[in-house]
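Input: a single structure, listed below in C-alpha cells.
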Amino acid sequence: MSIPLADLVTILPECLVVLAACVLFVLDPVMPASKKDFLAWMCVGTLVVCFFITAAGMGEKTFAFSNLVVVDSYASFWKLLLYVVSGMTILLSIGYLKEERIDLAEFYGFIMLSLTGMMIMVSGSDLLVIYLGIELMSISLYIMCGFKRFEAKSIEASAKYFILGAFSSGLLLYGISLIFGAAGSTQLVEIAAAVNARGLDDPLVLIAMMLIIVGFAFKVAAVPFHMWTPDVYQGAPTTVTAFMAVASKAASFAAFLRVLLEGFGGVKPNWSGLILGMCILTLILGNIVAIVQTNIKRMLAYSSIAHAGYALIGVVVAGWMGTGAGVASAGVSSIMLYLAIYSFMTMGAFAMVAILRRGGLEGEELDDFTGLAKRHKGAAFLMMLFMISLAGIPPTAGFIGKFYLFMAAVNAGLTWLAVVGLVFAAVSAFYYLRVVMVMYMREPSSEQELETRLALSPTAMVVLAFAVAGVVFLGVYPGPLVSIATSSALPLP
Amino acid sequence: MAVLINGFLGHKYSHDLAGRIAFGSVGLSFLCALTVFMGVMADPTPREVIAYSWIFGGDLHVNLGFLIDPLSAVMLMVVTGVGFLIHVYSVGYMHGEEGFTRFFVYMNLFMVSMLLLVMGNNYLVLFIGWEGVGLCSYLLIGYYFHKVSAAKAATKAFVVNRIGDAGFLLAIFLMFVNFKTLDYTKALANVGQLSTEMATAIALCLLVGAIGKSAQIPLYTWLPDAMEGPTPVSALIHAATMVTAGVYMVVRNHVLFDMAPVAMATVGIIGGLTALFAATIGLVQNDIKRVLAYSTVSQLGYMFLACGVGAYTAAIFHLVTHAFFKALLFLSAGAVIHSLNGEQDIRKMGGLSKKIPITYKVFLIGTLAIAGIPPLAGFWSKDEIMAHAFVNHYYVLYLFAAIGAFLTSFYMFRLTYLTFYGQSRVDPEVDKHIHESPPMMTVPLMVLAGLAILGGFMGVPPEHGWLHGFLASVATPLGAVPHEVSMGTLMGLMAVAISIALGGWGLAHYMYSVKPGMADEWSERYAGAYRTFLNKYWVDELYDAIIVEPCKRLGQIWDWFDQNVIDRFIRGIGHGADASGAGITWTEKHVIYAGLNVVGYANHLLAWSWRKLQTGMVHHYAAVIVIGLFILVHFLFVWLLGTSVL
C-alpha cells in the first residue's frame with residue numbers, strides 16, 4: 001500500500017511538527033547540555049514555517065486519506081492559533097525550566113507531539129482520527145504535568161490527570177463504538193446521515209451522543225466534568241498549565257464543535273439544551289468559587305472553567321432551535337474569536353506567575369503579588385492589563401470577545417442567557433481586581449521585598465510582549481481577526 | 001476637525017508620563033474644546049467624525065467616531081473647563097504627596113475616557129468611555145493604597161458600577177438586534193419602529209446603567225465611600241463629571257424614554273426618591289466630604305427627576321451649574337482639610353472664617369448656590385426643575401423636590417456654620433498651623449466661585465434662556481406640546497423656592513448659631529430618626545447581608561465541597577463497597593471515619609496537605625463524572641421518550 005503524495009502535502013504542517021519532535025528526541029542525548037536551547041529554537045522555527053504554510057493555504061478545503069482528514073479554513077484558523085500558543089509556551093519555558101531545574105529538552109518534544117495531537121483533532125473528519133488526536137495530545141500532557149518530578153504536587157497532578165483523562169477517553173471511545181454500531185462508520189458525514197435517518201428515538205444514537213458530549217466536556221472542563229481542573233492546573237509546572245488552559249482547551253472546543261455540528265447537526269435542539277444546562281452551571285461555579293481562592297494558579301483554573309462557560313454560550317447559540325444559519329455561524333465564529341483572545345490574556349497571566357519568584361519557588365500565591373507595583377512597576381502594570389482583559393473591561397480584547405459572544409446570544413433570542421453571562425462577568429471583576437488591588441494598594445512586607453524577584457529572561461519578555469500586543473491590539477483594532485473568524489467559521493448543515 | 005480632536009487626545013497621551021505638565025495638556029484640550037464649542041455655536045447641526053472602522057464582520061459594523069452636537073459641546077465645555085481648574089488646583093493640593101506622577105497619569109487617563117464618553121458617536125464608544133472612567137475612578141479612589149478602607153471602597157465602587165454596566169451592555173445588545181446599528185443618529189432616527197414594550201425594555205436597561213454610574217437608588221452606596229480618594233478626585237470624578245454621565249446618557253437617549261412612559265416614570269420616581277433620601281442622610285453626617293457626597297447623590301436625583309418629567313434641558317442646566325458649585329464646594333472643602341492638616345470631621349472645626357478668609361468666602365458662595373438663594377446658579381436650575389415638575393402635574397415629585405430643597409439648604413448651612421462660625425473646636429496642636437492655601441489652589445476656587453455666581457444666567461429667563469435655545473435641537477421631548485404657563489405661576493413657584501431655601505438657612509442659623517445646644521437636644525429627642533440617618537438607613541449592612549456574604553459563603557462551601565466532601569463522602573462509600581465482604585463492622589468504622597474527616601477538614605487549607613492524597617480521590621472524581629453522565633442520559637430519556645431509565 002502506498003500513501004499518495006498529495007495526502008502528505010495536505011498534512012505537511014503535521015508532518016513537519018512530528019519531524020521536529022523526532023529530530024529533537026534523537027539529538028537530545030548527543031547534544032552538550034549547554035546547547036539545549038538550540039533545540040527549543042529549532043521547534044520555534046518549525047512553528048514559524050508551519051504558520052506560513054497553513055496561512056498560505058487558508059480558504060481552501062481539501063480532504064485527505066480517503067476523507068479521514070479535512071483541511072478547511074476552520075481547521076486552519078485553529079492551527080494558526082495553536083502555533084502561536086505553542087510557540088509562546090516554548091519561549092516561556094526556556095527560562096522557566098532553568099529556574100525550576102528541570103531543563104530537559106524532551107519537554108519541547110512533548111509540546112510538539114501534543115501540538116500534533118491537537119492539529120489532528122481540529123482537522124479530523126472522522127471520530128477515530130479525532131480520538132487519536134485527543135490521545136496523542138493528552139498522553140503528552142500527562143507526562144508534561146509530572147515534569148517537576150521532585151514535587152509530589154506535580155506527580156499527583158500528572159497521575160490524577162492521567163487516570164481521569166483515561167477514564168473520559170474511555171467514555172468517548174465507548175460512544176464512538178456505539179455510534180459505529182448505529183451508523184456503520186465513524187466518519188462524521190456518515191454519522192450525520194445515520195443520525196438524521198434514525199433520530200434520537202434510537203437509544204443507541206442517544207447514548208452515543210451523550211457519551212461523546214461527556215468526553216469532550218471533560219476536555220474543555222465544563223461543570224460537572226471539571227473536577228480535575230483545579231488540582232491539575234495547580235500542580236503542573238506553570239508553563240504546562242498555561243499550555244493546557246489555552247491550547248488544549250482551544251483544540252478541544254474546535255473538535256467538539258465540529259463533531260456536534262457536522263456529526264450531530266440533525267439533532268441540534270437536543271444537544272444545545274443539554275449544553276445550555278452545563279453552560280449555566282459552569283458559569284456559576286467557575287465564577288463563584290474563583291472568588292475564594294488564594295492561590296493564583298487555582299484562581300486562574302477556576303477562571304478558565306468560567307471562560308469555558310462563556311465559550312459554551314457560543315455552542316448553545318450554534319445549536320439553538322430556530323436560529324438562522326447566519327446567527328448560528330455567528331455563534332461559531334464568536335467562540336473562535338473568544339478563544340483566540342482568551343489565549344493571549346491567559347497566556348500572559350500565567351507567564352507573569354511563571355516569572356515571579358519568591359525564594360526558590362514560584363510566586364503563585366496571591367500574597368506574593370502584594371505591593372508588586374512598588375517593586376516592579378512594569379510587571380504589575382502588565383498583570384493589571386491581563387486581569388482587566390480577563391474581566392472583560394474595554395478597551396482590552398477581553399471585552400471584544402465577550403461582546404461578540406453575548407451579542408450572538410441576544411441575536412439568537414437568548415437574551416436571558418446573555419444576562420446571566422453579563423451578571424457573572426460583573427462578579428468576575430471582583431476576583432480579577434483583587435489581584436490588581438493587592439498589587440497596587442498593599443504595602444509589601446520587607447521580607448517579601450527581599451525574597452521576591454522577577455526571573456525575566458529575554459524569551460519570556462517576547463512572550464509577554466506578544467500577549468500584551470494581543471490584548472491591546474485586538475481590543476483597539478479587532479477588525480481583521482473578526483473578519484478572519486467570520487469567514488472561516490464552520491459551514492453549517 | 002478630526003485632526004483637532006485626535007490631536008489633543010494624542011497630545012494628552014504623550015504628556016501622561018510627564019505628570020507635572022499634565023494640567024497644561026488639559027488646558028490645551030480645554031482651548032480645543034472652546035474652539036469646537038464656538039464652532040457649534042455658529043452652526044448647531046450635528047457633525048460626525050469617523051476616526052477608523054473599529055469592529056466589522058457580519059452585520060456588525062462599528063466605527064470609532066465622534067459626534068459633535070450642542071449636547072456634547074456643552075458636556076465638553078464642562079468636562080474640560082472644570083477639569084482644567086481641578087487639575088490646576090491638584091498641582092497645589094497634591095504637592096509633595098507620594099506618587100504625584102501616578103496621580104496625574106490616572107487623572108489624564110480619566111479625562112481621555114470622559115471625553116470619549118461624551119464625544120462618541122455610537123453606543124460602543126460611549127461604553128468604552130463609560131468603563132474607562134469607572135476604571136480610573138477605581139484607581140483613584142484606591143490612590144491612598146495604605147488605607148484599607150480606600151482599597152475596599154475602590155473595589156466596591158467598581159463592582160457596583162459593573163452591575164449597572166451589565167444593564168447598559170444589555171441595552172446595547174437589544175438596540176443592535178432591533179436597529180442593526182449602534183450609531184446614535186441612525187438608531188435614534190428609527191426609534192419609531194419599536195414597540196412600546198421593546199422601547200421600555202431598552203430604556204429600563206439603559207436606566208440600570210445610568211443609576212449605577214450616577215449613584216441613584218438602589219446603587220448609590222458606592223459614592224459616599226468613594227470619598228476615600230484624594231479631594232480633587234472627589235471634585236472631578238465624583239461630583240462634576242463622571243457621575244453626571246448617567247444624566248448625559250438619559251438625555252442623549254431621550255427619544256427612547258419619550259416613547260416609554262413607564263421607563264420615564266421610573267426615572268422620575270428614582271430621581272425624586274434619591275433626592276429626598278440622600279438629603280436626609282446628609283443632615284447628620286459629620287465628615288465634611290461625606291455631607292458633600294450625599295448632597296451630590298441628592299442633586300443627581302434632581303437631574304434624574306428633571307429627565308423623568310421631560311425637562312431635559314433643565315437636567316443639563318442643573319448638571320452644568322452643579323458641576324460649578326459642587327466642584328467649588330469640594331475643592332474648598334479640600335482647602336479646609338489641607339489647612340487643618342487632614343482633619344475631615346466637622347466636629348473638630350469651627351471659627352475658621354477669620355483664619356482662612358478666601359476659602360471661607362468661596363465656600364459660602366458655593367453654599368448659597370447649592371441652597372438655591374437667588375441670583376446664584378443653583379437657584380435658576382433647581383427652580384426650573386421644580387417648576388417643570390409642578391406644571392406637568394407631578395405634584396408628588398414636586399413635593400419630594402421641595403422637601404429635598406429645604407433639607408439641602410439646611411444641611412449646607414449647617415456645614416458652613418459648624419465649619420466656619422462659632423467657637424473653634426480645632427485641636428490646639430493643629431490650630432497653630434492653620435494657613436490659607438497657596439494661590440495655585442485659591443485661584444481656581446475664585447474662578448469657580450465666579451462661575452457659581454454667574455453660571456445661572458445662561459438659563460435666564462426661565463424656559464427661554466440662552467442655554468435652552470442652544471440645546472433646543474437635541475433636548476426637546478418628542479411630541480411635547482409647548483404649553484405656556486402664566487408668568488404668575490412661575491413667579492409664585494419661584495417665591496416658594498426662595499422661601500424654602502431661606503427657611504432652611506434660617507433653621508440652620510437658629511440651630512447652629514443662635515442656640516448652639518439645640519442640635520444635640522434634637523438628636524436626643526428624635527434619637528431613632530437620628531440614628532437611622534447617621535447609619536444611612538443601614539443599607540450597606542443590608543446589601544452585605546443579603547448579597548455579598550451569601551455569595552462568598554456559597555463560594556467557600558462549593559470550594560470546600562470540591563476539595564473535601566466529594567472525596568470523603570465517596571471514599572466512605574467506596575471503602576464500604578470494597579469491604580462489603582469484610583463485614584459490616586469494618587464498613588461502619590470507615591464510614592464514621594470518613595464522616596469525622598469531613599468535620600476535621602473543614603478548614604480547607606489543612607485539607608490541602610498533600611500527604612493525605614490517596615489514589616482513592618481520583619476514583620471519586622471519576623465517579624462524579626459517571627453520575628453526571630447518568631443524570632444527563634436520564635434527563636434526555638425522560639425528555640425524549642417520556643420513560644425513565646430507572
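Note on naming: letters A, B, ... go to the chains in the order of the sequence lines (proteins, then strands), and numbering restarts at 1 for each one.
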For the pair A:Phe403 and B:Phe127, evaluate ring pair (Phe, Tyr, Trp, His ring centres under 6.0 Å) and give the outcome as yes or no after the intermediate values.
-> CA-CA 11 Å; A:Phe403 181 81; B:Phe127 188 73; 8.1 Å; no
Does the pair A:Arg434 and B:Thr155 meet the rule for a side-chain contact (heavy atoms from CB on, under 4.5 Å), with working shown?
-> CA-CA 8 Å; A:Arg434 201 172 48 180; B:Thr155 310; over 6 Å; no
Do the side chains of A:Leu422 and B:Phe168 get nearer than 4.5 Å, heavy atoms only?
-> no
Side chain, backbone, both or neither of B:Val159 within contact of chain A (heavy atoms, under 4.5 Å) = side chain
Search all heavy atoms of B:Phe158 against all heavy atoms of A:Ile393 and return the closest pair with its distance.
-> CZ-CD1, 3.3 Å
Grab the two heavy atoms, one from B:Arg162 and one from A:Ala425, that are nearest each other, plus how far apart they are.
-> NH2-O, 3.1 Å
Are there more than 12 heavy atoms of other residues, nucleotides or ligands under 6.0 Å from atom CZ of B:Phe179?
-> yes
Sorted by chain and number, sequence neighbours left out, ring pair (Phe, Tyr, Trp, His ring centres under 6.0 Å) with B:Phe110 holds for none
Honestly, the part of B:Phe173 sitting under 4.5 Å from a heavy atom of chain A is both
Output for pair (B:Leu174 CG, A:Thr415 OG1), nearest 0.5 Å, gives 5.5 Å
Could you check if a side-chain atom of B:Leu169 sits within less than 4.5 angstrom of a side-chain atom of A:Phe399, using non-hydrogen atoms only?
-> yes
When rounded to the nearest 0.5 angstrom, what distance separates OG1 in A:Thr396 from CD1 in B:Ile128?
-> 8.5 Å
Heavy-atom distance under 4.5 Å to chain B: side chain of A:Ile213, backbone, both or neither?
-> neither
Measure across A:Val419 and B:Leu170 and return the closest heavy-atom pair with its distance rounded to 0.1 Å.
-> CG2-CD2, 3.4 Å
Got more than 12 heavy atoms from elsewhere within 6.0 Å of OH, A:Tyr142?
-> yes
A:Asn411 and B:Phe176: side-chain contact (heavy atoms from CB on, under 4.5 Å), yes or no, with the steps?
-> CA-CA 9 Å; A:Asn411 266 331; B:Phe176 181 74; 4.3 Å; yes
Student check: side-chain heavy atoms of B:Met175 and A:Val410 closer than 4.5 Å | no
